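A quick write-up on the structure given underneath.
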Amino acid sequence: MAEARPGRALPTWAWALPPVIALSLVFLYPLGLVVKQSLTPDGADGLSLAPYQDVFASHAFRDALWTTVWLAAGSTAGCLVLGFVLALVIAFVPFPGGKAVARFIDVFLSFPSFLITLALLFIYGTVGMANGLWTDVTGAHTGPFQFLTTPWGVLLAEITYFTPFVMRPLLAAFSQLDTAQLEVASSLGARPARIVRQVVLPEALPALAAGGSLVLVMCLNEFGIVLFTGAKGVTTLPMLVYSKAILESDYPAACVVAVVNIAISVGLYGLYRVVSRRAGA
């Protein structure tokens, strides 16, 4: 009885075709349309750099770019400091419910950003709990907490929402830290601040870099927090895309801003991937 011959195996490149085709249809093709539209002025048939020249020369774009950069940098710095302190407390300070808090961090990462913004509005909004308590006690017509619709309110909301994205890799790094190093340093008379500076911080630097890079990329592209805070004077690049496309119907300009935002994000994402590989995240 003749043995059945095994079927011819598909070449390796054939297995890559389905995901490449799906990625091209879902992402690359729309991205190509955005880039093409950014090079096509209204009423023109050929490609031109005129939309880029007009957008780059506009005061609104420069303000939006600066606002986006400083909000993202400020939020990242705040998340790094707050996330490091909170992760230290959860990892090394025993208290009831510490493990439950660590698990809640994982759940928090799944929350939409506008949910945190709404929570802050309920507390610090114009008619929020804090202002309501103030007016009830003092009899004033308005409360003192009016910062939520300013850039500082956006900064607070972004730090509140993105801090767990720094804490997650930090907690993973702290769980692998050899506690014998801490015990030896403590037995030699080192104070907690020195132990943190010389023992814990060097081990946490890769996780801090990875978490900070991720937060920076996400803050650059954040739209919901800025929109839901109602900060009318705060225009970031994503908000400028929305304004140009939806409110002004200036699609070439909107696409130009989108391409710039994508270029910055992809560059920072590449940096994040390099840092993540080195940190083992």
Side-chain angles (χ1 to χ4, degrees), residues 26-27 30-31 34 60-61 63-80 82-83 86 104-131 145-169 211-251 253-269 272:
V26 175
F27 175 72
L31 179 60
V34 171
F61 171 77
D63 283 348
L65 180 61
W66 167 244
T67 302
T68 304
V69 170
W70 86 257
L71 276 177
S75 299
T76 302
C79 290
L80 288 174
L82 183 60
L86 294 178
F104 176 73
I105 297 300
D106 295 331
V107 179
F108 189 93
L109 298 179
S110 65
F111 289 175
S113 59
F114 70 84
L115 183 63
I116 306 303
T117 310
L118 285 178
L120 291 175
L121 285 173
F122 284 132
I123 299 174
Y124 298 111
T126 305
V127 293
M129 296 169 54
N131 283 322
F145 303 102
Q146 306 293 334
F147 66 90
L148 205 57
T149 56
T150 69
W152 303 110
V154 177
L155 194 67
L156 173 64
E158 291 190 350
I159 291 175
T160 302
Y161 178 68
F162 289 114
T163 293
F165 289 86
V166 174
M167 295 176 63
R168 183 63 264 174
S213 300
L214 176 61
V215 169
L216 182 61
V217 172
M218 298 175 71
C219 287
L220 284 171
N221 297 286
E222 182 55 41
F223 176 77
I225 288 178
V226 183
L227 181 65
F228 274 81
T229 54
K232 297 181 180 179
V234 179
T235 302
T236 60
L237 290 180
M239 287 293 296
L240 188 60
V241 173
Y242 172 82
S243 175
K244 291 291 185 182
I246 305 302
L247 303 182
E248 302 177 21
S249 298
D250 189 355
Y251 297 109
C255 290
V256 169
V257 179
V259 169
V260 172
N261 203 5
I262 291 170
I264 296 174
S265 300
V266 170
L268 288 175
Y269 179 73
Y272 161 70

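All figures in this text were calculated on a predicted structure; none of them were measured in a lab.
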Under the side chain to side chain contact (heavy atoms under 4.5 Å, CB included) rule, collect the residues that match up with [X], sequence neighbours excluded.
{"X": "Ala73", "answer": "none"}
{"X": "Leu121", "answer": "Leu118, Leu148"}
{"X": "Met239", "answer": "Phe223, Val226, Leu227, Thr235, Thr236"}
{"X": "Thr163", "answer": "Cys79, Leu82, Leu86, Ile159, Met167"}

Nearest 0.5 Å please: distance from the [atom1] atom of [X] over to the [atom2] atom of [Y].
{"X": "Tyr269", "Y": "Ile262", "atom1": "OH", "atom2": "CD1", "answer": "15.0 Å"}
{"X": "Tyr124", "Y": "Asn131", "atom1": "OH", "atom2": "CG", "answer": "10.5 Å"}
{"X": "Ser75", "Y": "Leu156", "atom1": "OG", "atom2": "CG", "answer": "9.5 Å"}

ring-ring contact (aromatic ring centres under 6.0 Å, His included) partners for [X], two or more places apart:
{"X": "Phe165", "value": "Tyr161, Phe162"}
{"X": "Phe122", "value": "none"}
{"X": "Phe104", "value": "none"}

Margin query: For Leu71 and Val154: C-alpha separation, side-chain torsions, deciding distance, then whether side chain to side chain contact (heavy atoms under 4.5 Å, CB included) applies.
Written below: CA-CA 8 Å; Leu71 276 177; Val154 177; 4.0 Å; yes

Notebook entry, point to check: In this structure, are over 12 heavy atoms from other groups packed under 6.0 Å from Phe228 atom CZ?
Noted result: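 Yes - once you tally the heavy atoms of other residues, nucleotides and ligands closer than 6.0 Å, there are more than 12.
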
For the residue pair [X] and [Y], establish whether any side-chain heavy-atom pair is separated by less than 4.5 Å.
{"X": "Leu220", "Y": "Leu268", "value": "yes"}
{"X": "Leu65", "Y": "Leu237", "value": "yes"}
{"X": "Phe61", "Y": "Val256", "value": "no"}
{"X": "Trp70", "Y": "Pro151", "value": "yes"}

Distance-minimising heavy-atom pair for [X] and [Y]:
{"X": "Ser113", "Y": "Gly224", "value": "OG-CA, 4.4 Å"}
{"X": "Ala245", "Y": "Tyr251", "value": "O-CE2, 3.6 Å"}
{"X": "Pro238", "Y": "Glu222", "value": "CG-O, 3.8 Å"}
{"X": "Val241", "Y": "Ala258", "value": "CG2-N, 3.7 Å"}
{"X": "Leu120", "Y": "Ala157", "value": "CD1-CA, 3.5 Å"}

Write out all pairs satisfying salt bridge (Lys or Arg N to Asp or Glu O under 4.0 Å) with one or both partners inside [range], taking only residues at least two apart or from two chains.
{"range": "residues 117-131", "answer": "none"}
{"range": "residues 153-169", "answer": "Asp106-Arg168"}
{"range": "residues 110-119", "answer": "none"}

Notebook entry, point to check: Can you name the residues that form a side-chain hydrogen bond (donor to acceptor under 3.5 Å, both in side chains) with Ser243, not counting sequence neighbours?
Noted result: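 For Ser243 there are no side-chain hydrogen bond (donor to acceptor under 3.5 Å, both in side chains) partners, ignoring immediate neighbours.
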
Notebook entry, point to check: Partners of Ser265 by side-chain hydrogen bond (donor to acceptor under 3.5 Å, both in side chains), sequence neighbours excluded?
Noted result: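 Scan of Ser265 (side-chain hydrogen bond (donor to acceptor under 3.5 Å, both in side chains), adjacent residues dropped) gives Asn221.
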
